[in-house]
Amino acid sequence: MRWIDSRSGIERLDRDECLALLAAEEVGRLAVVHHGVPEIFPINYRLAGEAIVFRTDPGTKLDTAGRGVAAFEIDDFDRDRRAGWSVVALGQMDEVTTADGPLLEQVQDLGVDPWAGGEKGHWLRLAIGSLSGRRVTPDT
Amino acid sequence: MEVDRNGLEVLDREECLRLLGSATLGRIGLTYDALPAVLPVNFRLVDGEVRFRTAAGAKLAAAAEQAVVAFEVDHMDPIRHTGWSVMVTGTARRLDDAELDPDDVTFLPRWAPRGNGAVMAISLDLVSGRRIMEPGADTADPAQGDDGGAP
């Protein structure tokens, strides 16, 4: 069933559709609040069940893990057709370590391959809590 | 050329502003009800600030007003695994009608079919950018040219 917001004309995507879009993409943007200031980072990721998994080096993203909630966004917009969609996930972000047992091996086997260099030996997992998606189509 | 610890090219402010001026889709990051939030917005670089409409409604305007926000623009090439991103940290404010050139408002991109919220601006207090270079691009001899992706 299509759910169109009457005020904006934007279609809302259901959770399954949001997850399907997350499974199909490979680059998204992580938003965290670090020392009270929001920051956004583009990352290469993989969807594992209902979690966003990515690799990082020591820094802001790793500092933020385990200390609260992070947001994650993917989108695709076609400038010419003025059509597109976006998906935003919100959830607890934690580092996966050897203490997590088989989970570490599972995330390491996902094949997350960052385009940027660096060792990126830390694995972060954002467990998706709330998930929302929007789609704009011409002439809706 | 400055390169960071991940081998990414560090873009100077001038290049960041050029890239910001070339894009129309960005993402705003802010704190909403004490939680991080991120959402895409269409924007334009006008008078040295990022301007966008709050087509999503008044919630964004209220949360962003006079708050420190993040603003990100990127371009990724999934085939070559290259791309760039620019991040802005600044204070968001709501523009009042007197500050708006009617022509500018007309040209602020708006994709959502309906809804016409406030116009917001983000100051460019901190601007940083990175570019992912193709492997070997930093050491290649320009005289050799592009090998066209030969194996």
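Computed from a prediction, not measured in an experiment: that's the story for all the values here. All values below were derived from every heavy atom in this structure, side-chain atoms included, with hydrogens, water molecules and symmetry-related copies excluded. Order of the sequence lines fixes the chain letters, A, B, ..., with proteins taken first and strands second; residue numbering starts at 1 for each chain.
Counted within 6.0 Å of CD on Gln66(B), heavy atoms from surrounding residues, nucleotides or ligands total more than 12; the atom is thus considered enclosed. By the 6.0 Å contact criterion, CD on Gln108(A) is enclosed, its count of non-hydrogen atoms from other residues, nucleotides or ligands being greater than 12. Within a 6.0 Å radius of CZ in Arg15(A), other residues, nucleotides and ligands contribute more than 12 heavy atoms.
Using a 4.5 Å cut-off between heavy atoms, Val27(A) contacts chain B through its side chain alone, with no backbone atom that close. For Ile40(A), the parts lying under 4.5 angstrom from a heavy atom of chain B are both the backbone and the side chain.
The choice from Ala67(B), Pro78(B), Pro40(B) that makes the most heavy-atom pairs within less than 4.5 Å of chain A is Pro40(B). Counting heavy-atom pairs under 4.5 Å between each of Arg29(A), Glu26(A), Glu39(A) and chain B puts Arg29(A) at the top.
You'll find the side chain of Val33(A) reaches within 4.5 Å of the side chain of Pro36(B), heavy atoms only. In this structure, the side chains of Phe41(A) and Glu72(B) stay at 4.5 Å or more apart for every pair of heavy atoms. Between Asp57(A) and Arg5(B) there is a side-chain heavy-atom pair separated by less than 4.5 Å.
Both Trp84(B) and Leu45(B) sit in one connected hydrophobic cluster of ILVMFWY residues. Membership requires side-chain heavy atoms under 4.5 Å apart, directly or through other members. In the hydrophobic clustering of ILVMFWY residues, with side-chain heavy atoms under 4.5 Å counting as a link, Tyr32(B) and Val88(A) come out apart. With hydrophobic clusters built from ILVMFWY side chains whose heavy atoms lie under 4.5 angstrom apart, Phe54(A) shares a cluster with Val87(A). In this structure, Val73(B) is a member of the same hydrophobic cluster as Met120(B), with clusters built from ILVMFWY side-chain heavy atoms closer than 4.5 Å. Note: the hydrophobic cluster containing Val41(B) also contains Val86(B) (ILVMFWY, side chain heavy atoms under 4.5 Å, direct or indirect links).
Met76(B) and Pro42(A) get closest at one heavy-atom pair: CE-CB, 3.7 Å. Considering every non-hydrogen atom in both Pro38(A) and Ala70(B), the closest pair reads O-CB, 3.2 Å. Residue Leu25(B) comes nearest to Phe77(A) through the heavy atom pair CD2-CD1, 3.4 Å, listed as atom of the first residue, atom of the second, then distance.
Look at Asp75(A) and Arg27(B) and you find a salt bridge, because one of the NZ, NE, NH1 or NH2 atoms lies within 4.0 Å of a carboxylate O, short of that distance.
The contact list for residues 118-129 of chain A toward chain B, using heavy atoms and a distance under 4.5 Å, reads Gly118(A), Lys120(A) by residue number. Residues of residues 6-13 of chain B lying under 4.5 angstrom from chain A, judged on non-hydrogen atoms, are Asn6(B), Leu8(B) in numerical order.
Separation of atoms CD (Glu73(A)) and CG (Leu39(B)) is listed at 7.5 Å; rounding is to 0.5 Å.
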